[in-house]
2 protein chains.
Amino acid sequence: MYINLDFESNEPIYTQLKHQVIAGIARKELAPGEGLPSVRAMAADIGINLHTVNKAYQQLKQEGFILIHRQKGVVVNPDGVPQADESHRARLENTLHPLIAESVCRGISEEEFVKLCSKQFQEFAKEEK
Amino acid sequence: MYINLDFESNEPIYTQLKHQVIAGIARKELAPGEGLPSVRAMAADIGINLHTVNKAYQQLKQEGFILIHRQKGVVVNPDGVPQADESHRARLENTLHPLIAESVCRGISEEEFVKLCSKQFQEFAKEEK
DNA sequence: ATAATTGTTATACTATTAATATAACAGTTA
DNA sequence: TAACTGTTATATTAATAGTATAACAATTAT
């Protein structure tokens, strides 16, 4: 699991870490049940504080992406990530709304927008048939 | 221009204000050249500080959505919002990426995702044909 | 049994951001 | 002259991000 952080970004480090773990799961590089480095090991690897890693891990656990056993360490959720419910869909819509509004203002057509999304979905598609 | 703020949200107030102005432009409720309330009037209207409004206005100006004349006040860009360039598209992709990754993890299909986007594009479509 | 490692918790500190509160300035308009 | 425009400056409060140590309890390896 290679993590690449941008310390100049205004996106918080723990958020970048969260996103890359989630992307790893979506890309199926991280399989259900697979272990992740301990908070200290991960922190040392990428050169940040263990509390920053812990914050990311705690939120990933809270959101169902990983499990944390006191003994076994950190593990990608063996049952898979919980399916989206209505609250997830609502949050997704609320996040998309300003993106689409700006796109409309700037002349990005629905077709182009959709094509852009599809391209990213393909990045996560891996012999799934 | 009705503004609706959620003071409990973790989305900053000035960001909420920005988004609603942009949505108003996308929805064509705010036409090019149309005036917006002065920073003080807007602040009094929605019950926030004038600096918070000013911050939103400055960023909207910086991003090409509005113009601010010392005399004429605040006006929706009469030339229309500048078209998206490559940097806009890159930012859009970067913002969409974690959304799509999480959607993939949670079993939201590309079809559902695209349908969700299309629904929002329709919200902004107004006898444009 | 000892040592090392695990997640977890607590405390403290710095820096940045969000938001508010006054106040003032310079130019425009009524 | 008075009221209003955007703008700037200064100060304060609260919250968040990130780091730095330190310790505890439980497990694992030597």
Side-chain angles (χ1 to χ4, degrees), chain A residues 1 3-22 30 33-78 95 98, chain B residues 1 3-22 30 33-78 95 98:
Chain A
M1 186 69 204
I3 302 296
N4 198 324
L5 297 180
D6 176 8
F7 291 93
E8 310 303 318
S9 169
N10 54 354
E11 184 182 24
I13 296 177
Y14 77 94
T15 304
Q16 295 182 42
L17 178 53
K18 275 183 63 180
H19 286 166
Q20 294 192 31
V21 170
I22 295 173
L30 292 176
E34 187 169 341
L36 263 64
S38 73
V39 288
R40 286 179 178 83
M42 175 66 90
D45 272 8
I46 58 187
I48 63 176
N49 191 272
L50 107 177
H51 291 106
T52 307
V53 177
N54 192 245
K55 187 173 187 174
Y57 277 9
Q58 287 300 324
Q59 293 191 7
L60 286 168
K61 166 187 164 194
Q62 163 76 22
E63 298 168 19
F65 292 96
I66 64 176
L67 297 184
I68 306 180
H69 300 87
R70 190 105 200 186
Q71 324 94 304
K72 309 179 198 169
V74 184
V75 177
V76 176
N77 194 334
T95 312
Chain B
M1 186 68 202
I3 302 295
N4 198 324
L5 298 180
D6 176 8
F7 291 93
E8 310 304 317
S9 169
N10 54 353
E11 185 182 24
I13 296 177
Y14 78 93
T15 304
Q16 295 183 42
L17 178 52
K18 275 183 64 180
H19 286 166
Q20 294 191 30
V21 170
I22 294 173
L30 292 177
E34 188 169 340
L36 263 63
S38 74
V39 287
R40 287 178 177 84
M42 175 67 90
D45 273 8
I46 58 187
I48 63 175
N49 191 273
L50 106 177
H51 290 106
T52 308
V53 176
N54 192 245
K55 187 172 188 174
Y57 277 9
Q58 287 299 325
Q59 293 193 7
L60 286 168
K61 166 188 163 193
Q62 163 76 23
E63 297 168 19
F65 292 97
I66 64 176
L67 297 184
I68 305 179
H69 300 87
R70 190 108 199 184
Q71 325 92 305
K72 311 179 195 169
V74 184
V75 178
V76 176
N77 195 333
T95 312

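Below, each value reflects all heavy atoms present in this structure, side chains not excepted, and no hydrogens, waters or symmetry copies. To find a chain, count down the sequence lines: A is the first, B the second, and so on, and within it residues start at 1.
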Within this structure, what is the [atom1]-to-[atom2] distance between [X] and [N], rounded to whole angstrom?
X: A/Asn10; N: D/dA17; atom1: CG; atom2: P; value: 12 Å
X: B/His69; N: C/dT29; atom1: NE2; atom2: C1'; value: 16 Å
X: A/Lys61; N: C/dT6; atom1: NZ; atom2: C1'; value: 14 Å
X: B/Leu5; N: C/dA18; atom1: CG; atom2: C1'; value: 14 Å
X: B/Glu8; N: C/dA18; atom1: CD; atom2: P; value: 18 Å
X: A/Gln16; N: D/dA17; atom1: CD; atom2: C1'; value: 12 Å
X: B/Ile68; N: D/dG6; atom1: CD1; atom2: C1'; value: 8 Å
X: A/Asp6; N: D/dA17; atom1: CG; atom2: C1'; value: 15 Å

### Query
Can you list the residues that meet the side chain to side chain donor-acceptor pair (under 3.5 Å) rule with A/Asp45, with sequence neighbours excluded?
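So A/Asp45 forms no side chain to side chain donor-acceptor pair (under 3.5 Å) with any residue.
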### Task
Check B/Leu60, B/Leu36, B/Val53 against B/Val74 for a side chain to side chain contact (heavy atoms under 4.5 Å, CB included) and give me the one that passes.
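With B/Val74 as partner, side chain to side chain contact (heavy atoms under 4.5 Å, CB included) holds for just one option, B/Leu36.
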Working to the nearest 0.5 angstrom, can you tell me the gap between [X] [atom1] and [Y] [atom2]?
X: A/Tyr57; Y: A/Thr52; atom1: OH; atom2: OG1; answer: 12.5 Å
X: B/His19; Y: B/Tyr14; atom1: NE2; atom2: OH; answer: 9.0 Å
X: A/Lys61; Y: A/Asn54; atom1: NZ; atom2: CG; answer: 9.0 Å

### Query
Between residues 41-56 of chain B and DNA chain C, which residues have a heavy-atom gap below 4.0 Å?
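Only B/Ile48, B/Asn49, B/His51, B/Thr52, B/Lys55 qualify.
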Check: [X] side chain, [Y] main-chain N or O, donor-acceptor pair, under 3.5 Å:
X: B/Gln59; Y: B/Lys18; value: no
X: A/Glu34; Y: A/Val75; value: no
X: B/Asn77; Y: B/Gly64; value: yes

Output yes when at least one side-chain N/O atom of [X] is less than 4.0 Å from OP1 or OP2 of [N], else no.
X: A/Gln58; N: C/dG7; result: no
X: A/Ser38; N: C/dT5; result: no
X: A/Tyr14; N: D/dG18; result: no

### Task
Extract the stems that DNA chain D is part of, considering only consecutive pairing runs of at least three Watson-Crick or G-U wobble pairs, both distances under 3.5 Å.
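Only these stems qualify: C:1-5 with D:26-30, C:7-25 with D:6-24, C:27-30 with D:1-4.
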### Query
What is the nucleic acid contact for B/Glu11, judged by heavy atoms within less than 4.0 Å: base, sugar-phosphate only, or nothing?
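Since no nucleic acid heavy atom lies under 4.0 Å of B/Glu11, the category is nothing.
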### Query
Starting at the 5' end of DNA chain D and moving along, which residue's nearest nucleotide shows up first, A/Phe7 or B/Val74?
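The residue mapped nearer the 5' terminus is B/Val74.
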### Task
Quick one: closest heavy-atom pair of A/Leu5 and A/Leu17, and the distance?
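Distance-wise, the nearest heavy atoms are CD2-N, 4.4 Å.
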### Query
Side-chain donor or acceptor of B/Arg40 under 3.5 Å from a matching atom on the base of C/dT22?
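Answer is no: no donor-acceptor pair is held.
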